Amino acid sequence: VQLQACGGGLVQAGGSLRLSCASSGRTFSRIDMGWFRQAPGKEREFVAAITSSGATTLYADSVKGRFTISRDNDKNMVYLQTNGLKPEDTAVYYCAAHSGGVYRYRDSYRYWGQGTQVTVSS
């Protein structure tokens with residue numbers, strides 16, 4: 001599975017960005033997916049996850065109500081709509097393919113995209 005994230009950029013506080021993640025491979029529709037982020041000097045942290053069918057989603061408390069994860073299995077894409085962005089959301093955002101285990105744990109994901117930078121100015 002190869003993943004490529006895009007859609008990051010520089011935005012003012014309160015703004016929005018839609019991050020996209022394209023996946024190669026024929027098994028995308030059977031894979032749960034997640035988004036993580038890593039700010040400078042901090043560990044990579046869980047943001048959101050979505051099951052293979054899209055029926056169930058999970059969010060970190062810090063983004064709940066502001067971010068929405070979704071997917072389009074026909075296009076092999078997963079998205080992260082980020083609204084109400086805050087300076088503390090500044091980070092490199094990564095999409096990842098879940099391989100088993102707790103969704104919030106980095107070790108539960110086997111394949112990672114290269115990341116896309118989100119910078120929120122105050």
Side-chain angles (χ1 to χ4, degrees):
V1 176
Q2 291 186 329
L3 303 171
Q4 185 167 2
C6 64
L10 173 63
V11 63
Q12 289 187 333
S16 300
L17 286 171
R18 188 194 196 203
L19 308 184
S20 300
C21 176
S23 173
S24 65
R26 303 174 184 176
T27 61
F28 178 77
S29 62
R30 300 199 296 268
I31 301 174
D32 300 345
M33 297 293 296
W35 284 95
F36 283 70
R37 66 186 181 186
Q38 187 166 17
K42 295 187 177 181
E43 292 191 355
R44 195 170 298 188
E45 65 175 4
F46 171 79
V47 175
I50 187 167
T51 54
S52 58
S53 68
T56 302
T57 57
L58 179 66
Y59 296 94
D61 288 344
S62 59
V63 306
K64 199 174 296 183
R66 298 188 297 123
F67 291 10
T68 303
I69 188 171
S70 62
R71 66 190 295 159
D72 185 336
N73 285 342
D74 290 335
K75 297 181 179 178
N76 281 15
M77 297 288 293
V78 62
Y79 305 100
L80 186 70
Q81 178 67 42
T82 65
N83 298 328
L85 284 164
K86 305 175 182 180
E88 52 264 43
D89 294 318
T90 295
V92 177
Y93 284 70
Y94 299 89
C95 59
H98 185 253
S99 54
V102 177
Y103 286 104
R104 298 179 186 272
Y105 295 169
R106 286 176 51 185
D107 290 345
S108 299
Y109 297 79
R110 181 177 180 182
Y111 299 101
W112 294 81
Q114 86 288 0
T116 185
Q117 176 72 47
V118 172
T119 303
V120 185
S121 63
S122 57

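Model, not experiment: these values are computed from the prediction.
In this structure, the side chain of T90 engages the main chain of V120 through a donor-acceptor pair within 3.5 Å. Put simply, the side chain of S24 never gets that close to the backbone of V1: no donor and acceptor are under 3.5 Å apart. The backbone N or O of S52 sits less than 3.5 Å from a side-chain atom of D32, completing a donor-acceptor pair. Judged by distance alone, the side chain of S108 and the main-chain N or O of V102 form a donor-acceptor pair under 3.5 Å. Proximity of a side-chain donor or acceptor of Q114 to a complementary backbone N or O of A5 within less than 3.5 Å is detected.
Listed here is the closest heavy atom pair of A97 and I31: CB-CG2, 3.8 Å. Taking both residues in full, the closest heavy atoms of Y59 and K64 are given as O-CE, 3.9 Å, listed atom of the first, atom of the second, then distance. Smallest separation of non-hydrogen atoms from Y103 and L58: CB-CD2, 3.8 Å. In terms of heavy-atom proximity, Y93 sits nearest to V47 at CE2-CG2, 4.3 Å.
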(request) Quick one: do W112 and L3 satisfy side chain to side chain contact (heavy atoms under 4.5 Å, CB included)? Show the steps, please. (result) CA-CA 6 Å; W112 294 81; L3 303 171; 5.7 Å; no
(request) For I50 and V78, run side chain to side chain contact (heavy atoms under 4.5 Å, CB included): C-alpha distance rounded to whole Å, both residues' side-chain angles, the deciding distance at 0.1 Å, then the answer. (result) CA-CA 9 Å; I50 187 167; V78 62; 4.2 Å; yes
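Relative to the six-membered ring of Y79, R18 meets both conditions, a distance below 6.0 Å and an angle of at most 45° to the axis.
Between Y94 and Y109, the gap from one ring centroid to the other reaches at least 6.0 Å.
The 12-atom threshold is not exceeded at CD of Q2, counting heavy atoms of other residues, nucleotides or ligands nearer than 6.0 Å. Around the CD atom of Q4, the shell of radius 6.0 Å holds no more than 12 heavy atoms that belong to other residues, nucleotides or ligands. By the neighbour-count criterion of 12 heavy atoms within 6.0 Å, atom CZ of R110 is sparsely surrounded, having that number or fewer from other residues, nucleotides or ligands.
The side chain to side chain contact (heavy atoms under 4.5 Å, CB included) test with T116 singles out one residue from V92, L19, L80, and that residue is L19.
The SG atoms of C21 and C95 are placed within less than 2.5 angstrom of each other.
S53 pairs by the side-chain contact (heavy atoms from CB on, under 4.5 Å) definition with T51, A55, not counting sequence neighbours. For S62, the side-chain contact (heavy atoms from CB on, under 4.5 Å) criterion is met by R37, A60, not counting sequence neighbours. For R66, the salt bridge (Lys or Arg N to Asp or Glu O under 4.0 Å) criterion is met by D89, not counting sequence neighbours.
Distance CE/M33 to OG/S70: 11.5 Å, rounded to 0.5 Å. Atom CE of M77 is separated from atom OG of S20 by 4.5 Å, given to the nearest 0.5 angstrom.
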